[in-house]
Amino acid sequence: MKPRIAQSHLTRVYERIERPLVPVVAQMETTGVRIDPEILRGQSNTLAQRMQKLETEIHALAGHPFNVGSTQQLGAVLFSEMGLPGGSKGKNGHYSTASDVLEPLAEQGHEIVSKVLDWRSVSKLKSTYTDALPQQISQKTGRVHTSFSLVGAATGRLSSTDPNLQNIPIRTEDGRAIRQAFVAEDGFTLLSVDYSQIEMRLAASVAGVEALIEGFREGLDIHALTASQVFGIPLKELPADKRRAAKAINFGIIYGISGFGLSKQIGISPGEANAFIRDYLDRFHELRDWMEATKEFAREHGYVETLFGRRIHITGIKEKNAARRAFAERQSINAPLQGTAADIMKRAMIRVGPALKDAKLNARLLLQVHDELVFEVPKKEIDATVEIVKNVMEGASAPAVTLRVPLVAEAKHAANWAEAH
DNA sequence: TCTCCATACC
DNA sequence: CAGGTATGGAGAC
C-alpha cells in the first residue's frame, strides 16, 4: 500500500494521523465505559408500561388489535381503514408512515397518530438502548466496550458499533435519561469536552467569509449574527424565529444546501427557501465562491480534500441525471468541512494522552462522539485535566494548519453523562 | 440472511 | 430532494 499512499500524497495523513490514532482508539476500546444496568432496567420497566398503555389505546382507536410496529399494518389502518388524509403509496405499494408524514396529522388532532408517534419513540428507546445496553456489559470488566472503526465513514469520521455509543439519545428528556446510566468509576468523574460549532467555524475560515470570521473572533452568537446580517435586523431587536431560520441555513450550508431541503427543514415553501439562500450567499459572497470552486475541484479530480490533505472520493459529480449530480455536489461541499473537523479531532486525540502524562494526570479517554471527547477523571484532578484537554483541543489544528477563526472547546463534568454534557 | 423502514446521534 | 453514520423490527425469501 505504501507506494499507493505516497502517490496519492496521503503519507502525512497516514503517518501523522491514522497510524498514531490506532493505539489511542485501541486503548479506548479496551478501557470501556461503566454502565449501571440497574438504572437501565428501571427505565425499561417504565417504558414497557407506557408502551403497553399506548398500544391498548391505539388498538381501541383503530377498532381492532394490530402490530403497531409494522409499518405495513399501520399504513393500512391509518390510510385504508380510517381514511386519514395524506396517505400516498410508494414504489413498494405501501403507505409511508414516516414521521414527517405522521407529524402533520398529529398536529391536526388525530389522536391515534400522536399515540403512534409516542409509541415509536418509547419503543426505540427501549429496544435499542435500555434493553440492549445491559446485555453488552462485559463479564470480565463490568464495562461496555464499543468498537470504533477508522474506516467506517468516507469523510474520515470514526464510527462506532457493537454497541454504537455515538448515538446515545440526548434530544428528548426520556432519551437523555439513558445517559444517567453512563457513570464514572468510584473516585472518578465523567468529563465531556466538545468543540463549539467547529464545522461552521471551518466554513468561515476556508471560504474566507470576513463577516463570519469577525463574528467568531469576537465570540458572538453566530446564528443571531447571521440572522441580523441576512435579514437586516439589528442584533438586539432580533425575533427568535429569525434566529432559528438563520441557524437552519447555517446548517444547510454545511450540508451543501438545497432550497428543497431547507424548505422541508423549516416548513416554508421551496421558493421562499431559495430566496433565503440567495440573500445569504449575497451577504456572505465568499461562501458562494468557495462552494463553486469546490465543486469545480471535484469535477476536475473526482475527489475533494480536507485542510490536512485527506481525500474524499466523489462519484456522480459529472452525472447527466440532475438529482444525482446535485447529491454529489452537496457531498463535495460537506466533505471538506466534516472531514477537516474529523482530522482536527483525531489530532487532539493523539496529543491528549501525552499531554496528560506530562502533567502527571490520570484521566482516561473513553469515547469520541465526532465533536466531543468523554473522559473518566480522578475527582481531585478535574481542574487540571479540563485545562489541558481544552488547550489540546483548541490548538489541535496547529501548527500544520492555521485557521482564521479560533476553535473553542467547552467542558462539563458530573457523575454521569446526562449531567456532564 | 437480506432489504426496507423508521429513528437514534453529530 | 440537506451531509455523515448504526440499530432494531417487520417481512420476504
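Predicted model, so just to flag it, every value in this text is computed and none were measured. Here is the naming used below: chain letters follow the sequence lines, and residue numbers restart at 1 for every chain.
- Taking atom C1' on both nucleotides, C:dA2 is separated from B:dT3 by 25 Å, rounded to a whole Å.
- Rounded to a whole Å, the CG atom of A:Asn164 is 11 Å from the P atom of B:dC9.
- Side-chain contact annotation: A:His370 with A:Gln338, donor-acceptor N/O pair under 3.5 Å absent.
- The environment of CZ in A:Arg217 is crowded: more than 12 heavy-atom neighbours from other residues, nucleotides or ligands sit within 6.0 Å.
- DNA chain C lies under 4.0 Å from at least one heavy atom of each of the following residues of residues 322-332 of chain A: A:Phe327, A:Arg330, A:Gln331.
- Across all strands, A:Leu158 comes closer than 4.0 Å to no nucleic acid atom at all (heavy-atom distances).
- Protein atom CZ of A:Arg176 is 14 Å distant from nucleotide atom C1' of B:dA8, rounded to whole Å.
- No option in A:Asn416, A:Val33, A:Val374 other than A:Val33 meets the side-chain contact (heavy atoms from CB on, under 4.5 Å) test with A:Phe182.
- Backbone-only engagement by A:Ala154 is indicated by non-hydrogen atom pairs under 4.0 Å involving sugar-phosphate atoms exclusively.
- Between A:Phe79 and A:Tyr95, the ring planes lie tilted relative to each other; the angle falls in the 30° to 60° range.
- A:Glu372 and A:Ser192 form a side-chain donor-acceptor contact under 3.5 Å, judged by distance and modelled atom types alone.
- For the pair A:Ile170 CD1 and B:dA8 P, the computed distance is 13 Å after rounding to whole Å.
- Remark: A:Glu38 engages A:Asp36, A:Arg41 in a side-chain contact (heavy atoms from CB on, under 4.5 Å) (not counting sequence neighbours).
- In this entry the distance linking NE2 of A:His421 with C1' of B:dC9 reads 10 Å, nearest Å.
- Neither side chain, A:Arg364 nor A:Thr30, offers a donor N or O lying under 3.5 Å from an acceptor on the other.
- Checking each of A:Leu158, A:Asn164, A:Asp162 against A:Ser160 for a side-chain contact (heavy atoms from CB on, under 4.5 Å) leaves exactly one that passes, namely A:Asn164.
- Extent of DNA chain C lying under 4.0 Å from chain A heavy atoms, first and last nucleotide in 5' to 3' order, is C:dC1 to C:dG11.
- We find the CZ-NZ distance between A:Arg351 and A:Lys346 to be 15.0 Å, quoted to the nearest 0.5 Å.
- Ring-centre distance between A:Phe231 and A:Phe276: below the 6.0 Å cut-off.
- DNA chain B is contacted by A:Thr71 of residues 54-72 of chain A, taking any non-hydrogen atom closer than 4.0 Å.
- No side-chain donor from either of A:Ser114 and A:His110 sits under 3.5 Å from a side-chain acceptor of the other.
- Taking only side-chain atoms of A:Arg157, from C-beta outward, the nucleotide of B:dA8, B:dA6, B:dC10 with the closest atom is B:dC10.
- Counting only N and O atoms by type, the side chains of A:Glu419 and A:Gln180 include no donor and acceptor under 3.5 Å apart.
- Proximity of residues 259-295 of chain A to DNA chain B (heavy atom under 4.0 angstrom from any strand atom) is not detected for any residue.
- At a threshold of 4.0 angstrom between heavy atoms, the contacts of A:Gln73 are confined to the sugar-phosphate backbone, with no base atom among them.
- Backbone-only engagement by A:Ala132 is indicated by non-hydrogen atom pairs under 4.0 Å involving sugar-phosphate atoms exclusively.
- Salt-bridge check for A:Lys115 with A:Glu55: failed, with every basic side-chain N at 4.0 Å or more from each acidic carboxylate O.
- Ring geometry, A:Phe284 versus A:Tyr280: the interplanar angle exceeds 60°, so the pair is classed perpendicular (tilted spans 30 to 60°).
- Counting only N and O atoms by type, the side chains of A:Gln49 and A:Thr46 include no donor and acceptor under 3.5 Å apart.
- For DNA chain B, the residues of residues 107-130 of chain A within the heavy-atom distance limit of 4.0 Å (strictly under) are A:Arg120, A:Ser121, A:Lys124, A:Tyr129, sorted by number.
- Atom CG of A:Leu74 and atom C1' of B:dT7 are 15 Å apart (whole Å).
- The pair A:Arg299-A:Glu296 meets the salt-bridge criterion, with a side-chain N (NZ, NE, NH1 or NH2) lying under 4.0 Å from an Asp/Glu carboxylate O.
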